Number of protein chains: 2
Amino acid sequence: MKSRKRHHHHASRADLPALTDRLRRKSRKITGARQAILEILRRHPHPMSNKEIFAALPKGDCDLATVYRSLHLLENMGMVKRFDLGDGVARFELLGEGDDGHHHHLVCTRCAAVVEIEECFTREFEEQIAARNGFKAITHKLEFFGICPRCQ
Amino acid sequence: MKSRKRHHHHASRADLPALTDRLRRKSRKITGARQAILEILRRHPHPMSNKEIFAALPKGDCDLATVYRSLHLLENMGMVKRFDLGDGVARFELLGEGDDGHHHHLVCTRCAAVVEIEECFTREFEEQIAARNGFKAITHKLEFFGICPRCQ
DNA sequence: AGCCCAATGCAAACCGTTTGCAATGAGCAG
DNA sequence: CTGCTCATTGCAAACGGTTTGCATTGGGCT
Ligand SMILES: [Mn+2]
Ligand SMILES: [Mn+2]
Ligand SMILES: [Zn+2]
Ligand SMILES: [Zn+2]
């Protein structure tokens with residue numbers, strides 16, 4: 001259980017101009033909606049759903065469909081990472097540049113509180129599973145669930 | 001990476017009468033639909049979606065809604081375990097009696113082939129994460145993804 | 001054989017997500 | 001700065017998996 005620090009929370013504190021720059025460099029337009037969405041993700045330390053982002057948006061700043069489309073764009077650009085916390089809802093976290101964002105969460109099954117988990121099992125464990133079954137390019141999704149202190 | 005054998009595939013080979021007995025003992029009705037669904041799950045070694053079960057059903061044996069309702073029932077009775085293999089689709093595996101069915105899968109991202117994975121990281125790893133954050137009753141969901149030999 | 005309520009079929013509702021299309025506007029050339 | 005053009009947006013409809021309301025059926029009991 002090597003603890004591979006990823007500093008992704010530092011990275012997500014990059015300021016807004018730095019973020020819009022990444023859009024500009026890939027020649028995507030810097031729209032009000034995209035800036036607002038990035039600003040919200042920048043301020044939020046845990047994965048957010050489309051609806052949550054939409055709700056956090058300065059009222060009526062854009063349509064929900066635009067939130068969905070923006071997050072697809074940001075995901076394809078590698079600027080956000082998609083998580084599935086067990087309910088069927090996609091959630092997103094901002095990524096620092098060059099950060100693959102691989103990490104996990106501990107979710108309270110009563111109140112849905114989220115704790116960021118940096119630890120992960122060893123690479124060898126994963127590689128063993130890959131090798132044993134002849135798979136390549138192996139990755140994993142891992143989330144923890146339990147009852148948080150406040151809900152116990 | 002202790003290999004905790006679970007024998008769940010042995011258990012799922014329990015014959016149909018043994019399975020319907022579990023229904024009877026909880027005084028649920030033994031209907032044609034339920035027998036057919038159990039028979040399909042019994043024969044299938046990997047998680048199946050509602051639609052897949054429905055498709056495998058002797059033609060028109062029951063409604064899709066009944067498949068959904070049956071799997072809820074079986075899940076609540078602890079006779080099947082629900083898995084989420086990354087797409088938003090619920091999949092189910094038959095459980096042996098007293099088996100909690102905890103295990104994982106390795107899924108090909110090209111052809112969706114599934115390999116059963118019995119290995120899991122150590123209990124201590126999980127307990128450390130629980131303790132460090134004051135959580136109780138901690139569990140996890142873990143699935144692996146990669147390219148299978150045939151798809152490489 | 002008859003009763004009763006669990007279980008079912010059917011269709012509609014649901015919820016998160018995606019998409020078609022016409023209107024808008026960001027970035028660029030002139 | 002002005003105008004052009006295509007990416008982006010709003011809106012509403014469609015989508016796919018799942019759930020649900022309601023009338024009907026039928027399994028397990030007496
Ligand atoms: Mn996170
Ligand atoms: Mn399995
Ligand atoms: Zn990991
Ligand atoms: Zn495990």
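In what follows, chains carry the letters A, B, and so on, assigned in the order in which the sequence lines appear, proteins first and then strands, with residues in each chain numbered from 1. Here the structure is a predicted model, which is why all the values come from computation and not from measurement.
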Within the structure provided, determine whether His105(B) and Glu116(B) are in side-chain contact (heavy-atom separation under 4.5 Å).
yes

From [atom1] of [X] over to [atom2] of [N], roughly how many Å is that when rounded to an integer?
{"X": "Ile53(A)", "N": "dT17(C)", "atom1": "CD1", "atom2": "P", "value": "10 Å"}
{"X": "Ile37(A)", "N": "dT9(D)", "atom1": "CD1", "atom2": "C1'", "value": "11 Å"}
{"X": "Arg24(A)", "N": "dA7(D)", "atom1": "CZ", "atom2": "P", "value": "18 Å"}
{"X": "Asp61(A)", "N": "dG25(C)", "atom1": "CG", "atom2": "P", "value": "13 Å"}
{"X": "Lys51(B)", "N": "dC15(D)", "atom1": "NZ", "atom2": "C1'", "value": "11 Å"}
{"X": "Asp63(B)", "N": "dA11(C)", "atom1": "CG", "atom2": "C1'", "value": "10 Å"}
{"X": "Asp84(B)", "N": "dT18(D)", "atom1": "CG", "atom2": "P", "value": "10 Å"}
{"X": "Ile30(B)", "N": "dC5(C)", "atom1": "CD1", "atom2": "C1'", "value": "17 Å"}

Any side-chain N or O of Tyr68(B) less than 4.0 Å from the OP1 or OP2 oxygen of dT18(D)?
yes

Asn50(B) side-chain N/O to dT18(D) phosphate OP1/OP2 under 4.0 Å:
yes

Hey, does the side-chain of Arg34(B) have a donor or acceptor N/O within less than 3.5 Å of a partner on the base of dG26(D)?
no

Does any N or O donor sit under 3.5 Å from an N or O acceptor when you compare the side chain of Arg69(B) with the base of dG21(D)?
yes

Determine whether a donor-acceptor pair (N or O, by modelled atom type, separation under 3.5 Å) exists between the side chain of Asn133(B) and the backbone of Phe135(B).
no

By the 4.0 Å heavy-atom rule, please label Leu73(B) as base, sugar-phosphate, or nothing.
nothing

Over all strands shown, is Asp87(A) touching base, sugar-phosphate only, or nothing at heavy-atom distances under 4.0 angstrom?
nothing

Closest to the [X] side chain: [options]?
{"X": "Thr31(A)", "options": "dT9(D), dT18(D), dG16(C)", "result": "dT9(D)"}
{"X": "Leu64(B)", "options": "dG9(C), dT17(C), dT18(D)", "result": "dT18(D)"}
{"X": "Lys29(A)", "options": "dA7(D), dT19(C), dT9(D)", "result": "dA7(D)"}
{"X": "Val89(B)", "options": "dG17(D), dG10(D), dT8(C)", "result": "dG17(D)"}

Among Glu124(A), Arg132(A), Glu126(A), which one satisfies side chain to side chain donor-acceptor pair (under 3.5 Å) with Gln128(A)?
Arg132(A)

Which of parallel (below 30°), tilted (30 to 60°) and perpendicular (above 60°) describes Phe121(B) and Phe144(A)?
tilted

Report yes if the distance between the aromatic ring centroids of His44(A) and Phe92(A) is under 6.0 Å, otherwise no.
no

Whichever of Ser70(A) and Ala90(B) has its nearest DNA chain D nucleotide further upstream toward 5'
Ser70(A)

Where each residue is assigned the nucleotide of DNA chain C containing its nearest heavy atom, which of Ala65(B) and Ser27(B) is assigned the position nearer the 5′ end?
Ser27(B)

